[in-house]
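To start, the structure under review is shown below, and the notes come after it.
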Protein chains: 2
Amino acid sequence: MPKRGMQPIRRQELVIAAVEAIHERGLNGVTMGDIAKRAGVSPALAHHYFGSKDELLSATMRHLLGEFAFAARRRLVDAKDPRARVDAILEACFAPEQFSPAVTSAWLAFYMQSIHDKAAARLLAIYLKRLEANLRHDLRPLVGDGASALARGIAAMIDGLWLHAALPTLHRSPGEALGILRDYVDGRLAVART
Amino acid sequence: MPKRGMQPIRRQELVIAAVEAIHERGLNGVTMGDIAKRAGVSPALAHHYFGSKDELLSATMRHLLGEFAFAARRRLVDAKDPRARVDAILEACFAPEQFSPAVTSAWLAFYMQSIHDKAAARLLAIYLKRLEANLRHDLRPLVGDGASALARGIAAMIDGLWLHAALPTLHRSPGEALGILRDYVDGRLAVART
DNA sequence: TTTTATTGATTGAGCAGTCAATTAAAAATA
DNA sequence: TATTTTTAATTGACTGCTCAATCAATAAAA
């Protein structure tokens, strides 16, 4: 039952299925069969559209990076002062779209992957550098020289909170995570004003 | 060339080799062959002493948990006031023994594993709960009701800093990580004293 | 008739786990 | 002390399974 123009639809479906499959089985535990089954197609079709498992996983990673960039940009446009811009970034990190269990653990799986995979490391480094640069830029007027260290601290805490949120045993909520992050930032800003 | 009494020695060697192999190949990418080769024995011997790959990896996880508990206890004995006790825990997390690239990425690999593996999740939950309970206990006299949230924040930041330290692209140092953590704690303590 | 979507069957590699055979130390026996 | 026996360490060869990747065949739309 072939309908024309399926390519972009199937690619999208497979990428989304990959996120969920990674959540269930882990990045290396997942098989093309898992992903294809979830997308409702045959494993052969996944190969047809992506050429290889590596390519499909790589596309999945780019998809996540793109979604986050979009969420952050959307929140940044109507944030005027530096403090609001910092908050926009924090909110983007814990918005429901970004923060479903499946999306979070796929993100973290790619973090782990980039420990020993150069290609993944390159993609992730771009994302992390940009995130820190944005934070540093907006923090500079607020804390001066401490901006760089604070940006690194915030970036680290975001990832730590994601990591803990991904562990089902701890059942942490996004709201709680945001609160902890804001307390951190407020504490540093208070010290800087002294 | 069989020498008697090799069992404990080989088990130890294999566990340490497993940590390094996990660092290079990831938890699911690693094979019994990788680990055995690094330990200088045949794959069959690894099976002989551990029965299965799962058992070897589980023993490796327990090894890491045990080493950390030891490092923390050692630093806690001569920490007198609450603030010194908090610092003892932070220092244990970033002490050179705990903080080699291989050890850090093996830790994180087990974090990821426990997203979809019940047995790993149980072990890790015990560790995390105990860490947070210790922090909370020592923070209570310093920040009162905020102790619980601050303990969670510190635990999250520790793991985030580990995660970033494991990414070779960012080349972060343990000293920097400790500085960021201490700034966080100091900021919150200053706010609490107000 | 051409092009695109789709799959079932197949291949080949890699790997966990098994087993029987080998070696040498230690213990038991003469 | 000299010997035989037992026990532990160790491995190479083998088995069976899973999975990524390929390909030829089919079906429908254009």
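Values below: every heavy atom of this structure, side chains too, minus hydrogens, waters and symmetry copies. Here is the naming used below: chain letters follow the sequence lines, and residue numbers restart at 1 for every chain.
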Open item on the list: Starting the side chain at C-beta, find the nucleotide from C:dG17, D:dT11, D:dT10 nearest to B:V41.
Closed with: D:dT11

Task: Interatomic distance where NE2 belongs to A:H47 and P belongs to D:dA21 [whole Å] - done: 4 Å

TODO: Flag the pair A:E132 and B:R172 as a salt bridge only when some basic side-chain nitrogen lies within less than 4.0 angstrom of an acidic carboxylate oxygen.
DONE: yes

- [ ] Send over the distance from A:K37 NZ to D:dC19 C1', rounded to a whole Å.
- [x] 14 Å

Open item on the list: Over all strands shown, is B:T31 touching base, sugar-phosphate only, or nothing at heavy-atom distances under 4.0 angstrom?
Closed with: sugar-phosphate

Task: Integer-rounded Å distance: D:dA9 C1' and B:L14 CG - done: 13 Å

TODO: Using the six-membered ring wherever Trp is involved, compare the ring planes of B:W107 and B:Y127 and label them parallel, tilted or perpendicular (cut-offs 30° and 60°).
DONE: tilted

Open item on the list: Whether A:D87 and A:R75 form a salt bridge (side-chain N of Lys/Arg under 4.0 Å from carboxylate O of Asp/Glu) is what I want to check.
Closed with: no

Task: Whole-Å distance separating the NE2 atom of B:H48 from the P atom of C:dA21 - done: 17 Å

TODO: Can you tell me the distance, in whole Å, between the CE atom of A:M6 and the C1' atom of C:dT6?
DONE: 10 Å

Task: Separation of C:dA16 P from B:N28 CG (nearest whole Å) - done: 11 Å

Task: Lys/Arg-Asp/Glu bridge criterion (N-O < 4.0 Å) met for B:R182, B:E91 - done: yes

- [ ] Considering just the side-chain nitrogens and oxygens of B:Y49, establish if one lies under 4.0 Å of OP1 or OP2 belonging to D:dA8.
- [x] no

Task: Short side-chain N/O contact from A:R10 to OP1 or OP2 of C:dT6, under 4.0 Å - done: yes

- [ ] Between B:P8 and B:A44, name the one whose nearest nucleotide on DNA chain D is closer to the 5' end.
- [x] B:P8

- [ ] Starting at atom CZ of B:R11, determine the distance to atom C1' of D:dT10, rounded to an integer number of angstrom.
- [x] 17 Å

Open item on the list: Rounded to whole Å, how long is the line connecting atom CZ of B:F50 with atom P of C:dC15?
Closed with: 20 Å

